[in-house]
Amino acid sequence: MQKRRTLLTTALVIALSSLGVSAASAGGGAAVAGSSWAAGRTSVTGSASATGAALGAGGVPASGAAVPQCTGASRAQAQAARARTPAPRAQAPASRAAAAPVTVWLAGDSTMANPGSAPCPVGWGSQFDALFNSDVTVRNQAVGGRSIQTWLYEGNVSGTKGPDGECRLTSTTYSSRWQAMLNTSTGMKAGDYLFIQFGINDSSSTCPRHVGPARYQQLLTMMVQAALARGAHPVLLTPVAAITCSGSTATKNRGFVTETFAVGSATKAPVVDLQSLSVSLYNSLRFCPHNGDFGSGPVGAFFCNDRTHFETYGAQRIAGLVAGDVRRQNLPLAAYLR
């Protein structure tokens with residue numbers, strides 16, 4: 001009989017162990033259920049002591065001691081204990097990689113160029129950098145008085161026209177500014193941008209600045225392809241408008257618009273129609289009708305007294321138009337705008 005009791009107790013303890021419930025926690029199930037989690041925790045030593053107190057010599061239950069039972073309440077306690085165990089925290093996602101620095105290269109004429117020592121003119125390109133965050137560097141290579149051809153072939157465009165009506169080149173050597181942009185080490189790189197705006201001086205009828213429509217389109221295409229070959233992103237701009245009025249309405253007055261859009265279409269380069277944007281701005285600011293005094297009033301605050309070039313305020317507004325269209329067209333460069 002004694003042996004049978006010993007075997008029964010041993011089997012019960014093994015069964016409880018396989019269910020993950022200690023003899024002590026099973027025996028104290030009612031007390032644990034009515035107490036807090038902290039109060040019901042039992043050390044290994046305490047469990048052994050409780051087991052020894054409940055069982056007499058040879059594993060026989062002591063007089064008045066209850067044999068531990070594997071009840072539904074015990075299983076509920078075990079499940080509650082597991083539920084209270086904090087789940088491991090999910091790892092925080094890796095922080096985004098820092099944005100790659102981008103250089104924005106500008107090629108154009110005086111309406112885009114950095115100012116000289118005089119307060120006027122101020123090209124819009126000089127105000128472009130302030131619209132971007134610190135990951136963008138603007139390299140303004142615009143030069144006053146240049147057509148697309150004289151910008152590309154500085155000093156190598158003659159004053160005479162050839163049989164095709166274009167100004168003759170005395171050499172096909174590129175200007176130092178274009179060579180610098182093409183430099184494989186320090187020039188345009190993958191991810192950079194090239195903004196190109198000509199078409200004002202190009203309309204001259206005389207050399208060296210004169211450029212015909214076909215030649216303009218050819219040279220603009222060449223610049224776009226050079227940027228694409230280096231992994232850079234070309235952006236074309238129609239020439240910014242001067243202020244001319246027809247009654248109370250500002251009007252368009254620039255050429256080479258069709259050629260610019262044609263190159264954009266052929267090469268998939270985006271086009272910022274800066275002529276249209278600038279004329280719309282002039283109308284919103286009610287610059288027309290105008291009495292011809294370009295040195296005072298709202299027009300004088302925007303333009304130099306030649307109605308073509310900009311004061312600092314005007315350059316800032318034109319730069320804002322370009323940035324706004326970059327955002328409107330959802331160009332990747334828009335992510336760097338402030």
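Numbers for residues simply follow the sequence, beginning at 1.
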Handout entry: Residue pair N201 / S204, side-chain donor-acceptor N/O under 3.5 Å
Key = no
Problem - Validation row: F287, P298 side chains within 4.5 angstrom (heavy atoms) - result: yes
Handout entry: V136 with M181, same ILVMFWY side-chain cluster at under 4.5 Å
Key = no
Practice task
Write down the atom of T173, the atom of Y153, and the distance for their closest heavy-atom approach.
Solution key: O-CD2, 3.6 Å
Exercise for the section: Please examine the side chains of F198 and L219, heavy atoms only from C-beta on, and report whether any two atoms are closer than 4.5 Å. Expected result: no
Exercise for the section: May I have the step-by-step check of side chain to side chain contact (heavy atoms under 4.5 Å, CB included) for L194 and V235, ending in yes or no? Expected result: CA-CA 6 Å; L194 172 61; V235 179; over 6 Å; no
Completion exercise
Between I200 and P239 the two heavy atoms that sit nearest each other are CG1-CB, 3.7 Å
Practice task
Determine, step by step, whether Q316 and F310 satisfy the side chain to side chain contact (heavy atoms under 4.5 Å, CB included) criterion, reporting the C-alpha distance in whole Å, the side-chain angles of both residues, the deciding distance to 0.1 Å, and the verdict.
Solution key: CA-CA 9 Å; Q316 290 170 343; F310 308 113; over 6 Å; no
Problem - Contacts of Y313 that satisfy ring-ring contact (aromatic ring centres under 6.0 Å, His included) - sequence neighbours left out - result: F302
Problem - Trace of the side chain to side chain contact (heavy atoms under 4.5 Å, CB included) decision for L220 with T260 - result: CA-CA 8 Å; L220 190 58; T260 301; 4.3 Å; yes
Fill in the blank from the handout: Correct closest heavy-atom pair for F303 and E311 would be O-CG, 3.5 Å
Exercise for the section: Output yes when R177 and E154 qualify as a salt bridge under the 4.0 Å nitrogen-oxygen rule, no when they do not. Expected result: yes
Handout entry: Separation of T172 OG1 from L152 CG (nearest 0.5 Å)
Key = 12.0 Å
Exercise for the section: Not counting sequence neighbours, which residues clear side-chain hydrogen bond (donor to acceptor under 3.5 Å, both in side chains) with N283? List them please. Expected result: none
Handout entry: side chain to side chain contact (heavy atoms under 4.5 Å, CB included) partners for N330, two or more places apart
Key = none
Fill in the blank from the handout: Across all chains, not counting sequence neighbours, the side chain to side chain contact (heavy atoms under 4.5 Å, CB included) partners of A269 are V224, P234, L236, T267
Practice task
Test Y282 against L285 for side chain to side chain contact (heavy atoms under 4.5 Å, CB included), laying out the working first.
Solution key: CA-CA 5 Å; Y282 304 160; L285 295 174; 5.5 Å; no
Handout entry: Pairs where residues 236-262 contributes a residue and the test ring-ring contact (aromatic ring centres under 6.0 Å, His included) is met, not counting sequence neighbours
Key = Y216-F256
Practice task
Report yes or no: do S147 and T150 form a side-chain donor-acceptor pair below 3.5 Å?
Solution key: yes
Problem - Side-chain touch V122/P115, heavy atoms, less than 4.5 angstrom - result: yes
Fill in the blank from the handout: So salt bridge (charged side-chain N to carboxylate O under 4.0 Å, His left out) across residues 324-334, not counting sequence neighbours, yields D325-R328
Exercise for the section: Using a 4.5 Å cut-off on heavy atoms from C-beta on, say whether the side chain of H290 contacts that of V299. Expected result: yes
Exercise for the section: Can you run down the ring-ring contact (aromatic ring centres under 6.0 Å, His included) pairs that involve residues 219-252, sequence neighbours left out, and say none if there aren't any? Expected result: Y193-H233
Completion exercise
Interatomic distance, CG@N253 vs CD1@I243, rounded to 0.5 Å, equals 8.0 Å
Exercise for the section: Answer whether the closest heavy-atom distance between the side chains of T170 and V157 falls below 4.5 Å. Expected result: no
Handout entry: Same apolar cluster: L321 and L106, side chain cutoff 4.5 Å
Key = yes
Exercise for the section: Output all residues satisfying ring-ring contact (aromatic ring centres under 6.0 Å, His included) with H210, sequence neighbours left out; order by chain, then residue number. Expected result: none
Handout entry: Side-chain touch T238/S276, heavy atoms, less than 4.5 angstrom
Key = no
Handout entry: Residue pairs passing the salt bridge (charged side-chain N to carboxylate O under 4.0 Å, His left out) test where at least one lies in residues 253-277, sequence neighbours excluded
Key = none
Fill in the blank from the handout: Closest heavy-atom pair, A241 versus V279, reported as atoms and distance to 0.1 Å, is CB-CG2, 3.6 Å
Exercise for the section: Determine whether R139 and V104 make a side-chain contact, defined as any pair of heavy atoms from C-beta on separated by less than 4.5 Å. Expected result: no
Practice task
Could you state whether I318 and F195 fall into the same hydrophobic cluster, counting links through intermediate Ile, Leu, Val, Met, Phe, Trp or Tyr residues with side-chain heavy atoms under 4.5 angstrom apart?
Solution key: yes
Exercise for the section: Check whether any side-chain heavy atom of P289 lies under 4.5 Å from a side-chain heavy atom of S248, and answer yes or no. Expected result: yes
Handout entry: side-chain hydrogen bond (donor to acceptor under 3.5 Å, both in side chains) involving S158 - partner list, sequence neighbours excluded
Key = T160
Practice task
Please name the pair of heavy atoms, one in S110 and one in H309, separated by the smallest distance, quoted to 0.1 Å.
Solution key: OG-NE2, 2.7 Å
Practice task
Please check if any side-chain donor atom of T111 sits under 3.5 Å from a side-chain acceptor atom of D109, or the reverse.
Solution key: yes
Practice task
Tell me whether V263 is reachable from L331 by hopping between hydrophobic residues (I, L, V, M, F, W, Y) whose side-chain heavy atoms are closer than 4.5 Å.
Solution key: no
Handout entry: Gap between atom CG of D306 and atom CZ of F294 - 0.5 Å precision
Key = 9.0 Å
Handout entry: Nearest-0.5 Å distance that lies between atom CD in E166 and atom CD in Q218
Key = 8.5 Å
Exercise for the section: Would you kindly say whether T251 and T244 are connected by a side-chain donor-acceptor distance under 3.5 Å? Expected result: yes
Residues 124-133 side chain polar contacts: donor-acceptor under 3.5 Å, at least two apart:
from : atom 1 : to   : atom 2 : distance (Å)
W124 : NE1    : Q197 : OE1    : 3.0
S126 : OG     : G123 : O      : 2.7
D129 : OD1    : V138 : N      : 3.4
N133 : OD1    : D135 : N      : 2.9

Exercise for the section: Kindly state each residue pair satisfying salt bridge (charged side-chain N to carboxylate O under 4.0 Å, His left out) with at least one member in residues 191-215, sequence neighbours excluded. Expected result: K189-D192
Problem - Minimal non-hydrogen separation, S134 against R338, with atom names - result: N-NH2, 4.4 Å
Problem - Joint hydrophobic cluster, M188 plus Y336, side-chain heavy atoms closer than 4.5 Å - result: no
